[in-house]
Amino acid sequence: MLDKPVTVQETARQQIQDTLQTNKIPAEYGLRVGVRGGGCGASWLLGFDLPGPTDEVYNVEGVRIIIDRKHLLYVLGAEIGYEPGGFTVEKGASASQ
């Protein structure tokens, strides 16, 4: 099993923890990371959710990350960041630098 299929930047980690506390989201919830669609039209899926039977749950820098097993290959190596206006997802950026 993977330790950290994705990475979470410090700014994103703080924003996620603030959002969980501010909205009083229960501890069982985590940040779901996945993809919607396929091929060139694929888009990132991020949101707070409860894990289901086909999900893997990881603790990445203190953030509970939920990834459906079917999405794992697609999100592997993604980096979650935060900029004013929302979360960002970069895939493979660190490998090319």
Checking side-chain contact (heavy atoms from CB on, under 4.5 Å) for the pair E79/T88: CA distance, chi angles, key distance, verdict?
-> CA-CA 8 Å; E79 182 176 59; T88 61; over 6 Å; no
If we only count heavy atoms from C-beta on, is the I66 to V33 side-chain gap below 4.5 Å?
-> no
Go through the side-chain N and O atoms of Q9 and R13 and say whether any donor and acceptor fall under 3.5 Å apart.
-> no
Hey, which of I65, T11, V8 is the one that makes side-chain contact (heavy atoms from CB on, under 4.5 Å) with I16?
-> V8
Heavy-atom distance under 4.5 Å between the side chains of V35 and S43, does that happen here?
-> no
Would you check if the side chain of K91 reaches a backbone N or O of Y74 as a donor-acceptor pair within less than 3.5 Å?
-> yes
Looking at CG of D49 and CG of D55, how far apart are the two atoms once the value is rounded to the nearest 0.5 Å?
-> 7.5 Å
Flag for Q17-Q21: side-chain donor and acceptor within less than 3.5 Å | no
Could you tell me whether the side chain of N23 and the main chain of I25 form a donor-acceptor pair under 3.5 Å?
-> no
Give the C-alpha distance, both sets of side-chain angles, the deciding distance and a yes or no for salt bridge (charged side-chain N to carboxylate O under 4.0 Å, His left out) between E28 and R64.
-> CA-CA 9 Å; E28 306 84 61; R64 188 175 160 118; over 6 Å; no
State plainly whether one hydrophobic cluster holds both Y29 and V63, where clusters connect Ile, Leu, Val, Met, Phe, Trp and Tyr through side-chain heavy atoms under 4.5 angstrom apart.
-> yes
Measure across W44 and A78 and return the closest heavy-atom pair with its distance rounded to 0.1 Å.
-> CH2-CB, 3.9 Å
About how many Å separate NZ of K24 and OG1 of T19, when rounded to the nearest 0.5 Å?
-> 13.0 Å
Could you go through the salt bridge (charged side-chain N to carboxylate O under 4.0 Å, His left out) check for D68 and R32 one step at a time?
-> CA-CA 8 Å; D68 187 306; R32 177 172 296 282; 5.1 Å; no
Report yes if the side chains of I80 and L31 come closer than 4.5 Å at any heavy-atom pair, otherwise no.
-> yes
So, for Y82 and F87, is the gap between ring centers shorter than 6.0 Å?
-> yes
Which heavy atom in G81 sits nearest to a heavy atom in A12, and how many Å separate them?
-> C-CB, 3.6 Å
Report whether L46 and V75 are members of the same hydrophobic cluster (ILVMFWY, side-chain heavy atoms less than 4.5 Å apart, transitive linking).
-> yes
For the hydrophobic clusters of this structure (ILVMFWY residues joined by side-chain heavy atoms under 4.5 Å, transitively), does one cluster hold both Y58 and L20?
-> yes
